[in-house]
Colleague: 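Take this structure first; my questions come after.
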Amino acid sequence: MAACIEELRAARYELLTTGVLSVMAEGYLLMGRTDAALNTIEACLQQMEASGELVHNPDVLRRKAAILAAIPERRAEAEPLLEQALELSRQQAALGWELKTAITLAELLIEQGRHREARALVARVYEAFDEGFGTGDLIAARRVLALTAP
């Protein structure tokens, strides 16, 4: 993927590198390489800031928060970033990103024993959907709702 990023940059096609860097950071996280994940997501954020291309900001912040949540000494930084990502998603009317972020935040809240808060957060976003209930994100939302059922 790093070679692909270099090719995109050489072709002056920076718009696609945001998505590639973001997915690459998530891949590093899944492999347990949190340092590489954090460095990659930071590079992604710096590139977005430099280019002014901030449309992906909510999702990139969500991914950064997930990385920080996996680093015990930085875990506390995750929740404020997720709150920021939620707000940006709402400002952009990006319901899909809002749902992904709500799920990520809810999982963090559940780990802290804050089940009611997690349920309310996901339920509010979930109820805004009227189709696509077979998609992975809506299935994940139902899983969170089931885990937090009273």
Side-chain angles (χ1 to χ4, degrees), residues 1-2 4-5 7-8 11 13-34 36-38 40-49 51-71 74-150:
M1 288 187 82
C4 291
I5 291 170
E7 285 184 38
L8 288 169
Y13 214 63
E14 293 290 323
L15 185 62
L16 291 180
T17 59
T18 297
V20 174
L21 283 169
S22 181
V23 169
M24 196 161 95
E26 190 169 31
Y28 283 136
L29 176 61
L30 291 171
M31 294 182 335
R33 297 181 56 197
T34 54
L38 191 55
T40 303
I41 207 72
E42 288 292 349
C44 183
L45 286 164
Q46 288 171 2
Q47 177 183 308
M48 288 170 47
E49 182 75 26
S51 70
E53 186 263 312
L54 300 175
V55 69
H56 297 274
N57 209 13
D59 199 47
V60 174
L61 289 175
R62 178 189 65 80
R63 289 177 188 210
K64 180 178 179 181
I67 293 164
L68 291 171
I71 303 169
R74 306 229 20 215
R75 188 173 182 83
E77 297 173 52
E79 189 173 339
L81 265 184
L82 289 166
E83 295 288 352
Q84 182 182 0
L86 274 175
E87 182 58 33
L88 289 171
S89 296
R90 291 174 185 139
Q91 288 173 7
Q92 293 180 5
L95 191 58
W97 281 341
E98 186 178 355
L99 180 65
K100 282 180 174 290
T101 303
I103 291 166
T104 303
L105 179 53
E107 289 168 347
L108 191 64
L109 296 173
I110 289 167
E111 290 174 11
Q112 298 171 6
R114 297 162 62 189
H115 295 264
R116 230 182 260 156
E117 194 176 339
R119 181 176 182 73
L121 174 66
V122 172
R124 191 186 68 68
V125 181
Y126 183 83
E127 290 167 1
F129 284 84
D130 56 13
E131 64 181 0
F133 293 101
T135 63
D137 291 335
L138 288 169
I139 291 168
R142 282 195 304 276
R143 180 180 41 80
V144 169
L145 292 171
L147 281 172
T148 57

Colleague: My understanding is that only residues two or more places apart in sequence, or in another chain, count here; which of them pass side chain to side chain donor-acceptor pair (under 3.5 Å) with Q91?
Modeller: E87
Colleague: Say you draw a straight line from CH2 of W97 to CG of L88; how long is it, rounded to the nearest 0.5 Å?
Modeller: 10.5 Å
Colleague: A120: what forms a side chain to side chain contact (heavy atoms under 4.5 Å, CB included) with it, not counting sequence neighbours?
Modeller: none
Colleague: Which value, rounded to the nearest 0.5 Å, describes the distance between R63 atom CZ and E26 atom CD?
Modeller: 4.0 Å
Colleague: Roughly how far, to the nearest 0.5 Å, is CG of L21 from OG1 of T40?
Modeller: 7.0 Å
Colleague: Roughly how far, to the nearest 0.5 Å, is the CG atom of L86 from the CG atom of L81?
Modeller: 11.0 Å
Colleague: Does CD belonging to E131 count more than 12 external heavy atoms closer than 6.0 Å?
Modeller: no
Colleague: Name all pairs fulfilling the salt bridge (Lys or Arg N to Asp or Glu O under 4.0 Å) condition that reach into residues 112-125, sequence neighbours left out, sorted by first residue then second.
Modeller: E79-R114, E98-R124, R114-E117
Colleague: Taking salt bridge (charged side-chain N to carboxylate O under 4.0 Å, His left out) as the definition, give me every residue that meets it alongside R62, ordered by chain and number, with sequence neighbours left out.
Modeller: D59
Colleague: For T34, what residues pass the side chain to side chain contact (heavy atoms under 4.5 Å, CB included) criterion, not counting sequence neighbours?
Modeller: L29, A70, I71
Colleague: Considering only heavy atoms from C-beta outward, does the side chain of V125 approach that of I103 to under 4.5 Å?
Modeller: no
Colleague: Kindly write out the residues that satisfy side chain to side chain donor-acceptor pair (under 3.5 Å) with E42, not counting sequence neighbours, or none if the list is empty.
Modeller: K64
Colleague: So do the side chains of S22 and H56 get within less than 4.5 Å of each other, counting heavy atoms only?
Modeller: no
Colleague: Nearest 0.5 Å, what's the CD1-NE2 distance between I110 and H115?
Modeller: 6.5 Å
Colleague: Between S51 (side chain) and Q47 (backbone), is there a donor-acceptor pair under 3.5 Å?
Modeller: yes
Colleague: Which pairs of donor and acceptor atoms, one on a side chain in residues 139-148, lie under 3.5 Å apart (sequence neighbours left out)?
Modeller:
{"residue": "R142", "atom": "NH1", "partner": "Y126", "partner atom": "OH", "Å": "3.3"}
{"residue": "R142", "atom": "NH1", "partner": "F133", "partner atom": "O", "Å": "2.9"}
{"residue": "R142", "atom": "NH2", "partner": "F133", "partner atom": "O", "Å": "3.0"}
{"residue": "R143", "atom": "NH2", "partner": "E107", "partner atom": "OE2", "Å": "3.4"}
{"residue": "T148", "atom": "OG1", "partner": "V144", "partner atom": "O", "Å": "2.9"}
{"residue": "T148", "atom": "OG1", "partner": "L145", "partner atom": "O", "Å": "3.3"}

Colleague: Which heavy atom of I67 sits nearest to which heavy atom of A37, and what is that distance?
Modeller: CD1-O, 3.5 Å
Colleague: Would you give the length of the straight line joining atom CG of N57 to atom CD of E49, rounded to the nearest 0.5 angstrom?
Modeller: 8.0 Å
Colleague: For P58 versus S89, what's the shortest heavy-atom pair and its separation?
Modeller: CB-OG, 3.3 Å
Colleague: For R74, give me all partners under side chain to side chain donor-acceptor pair (under 3.5 Å), at least two apart in sequence or on another chain.
Modeller: E77
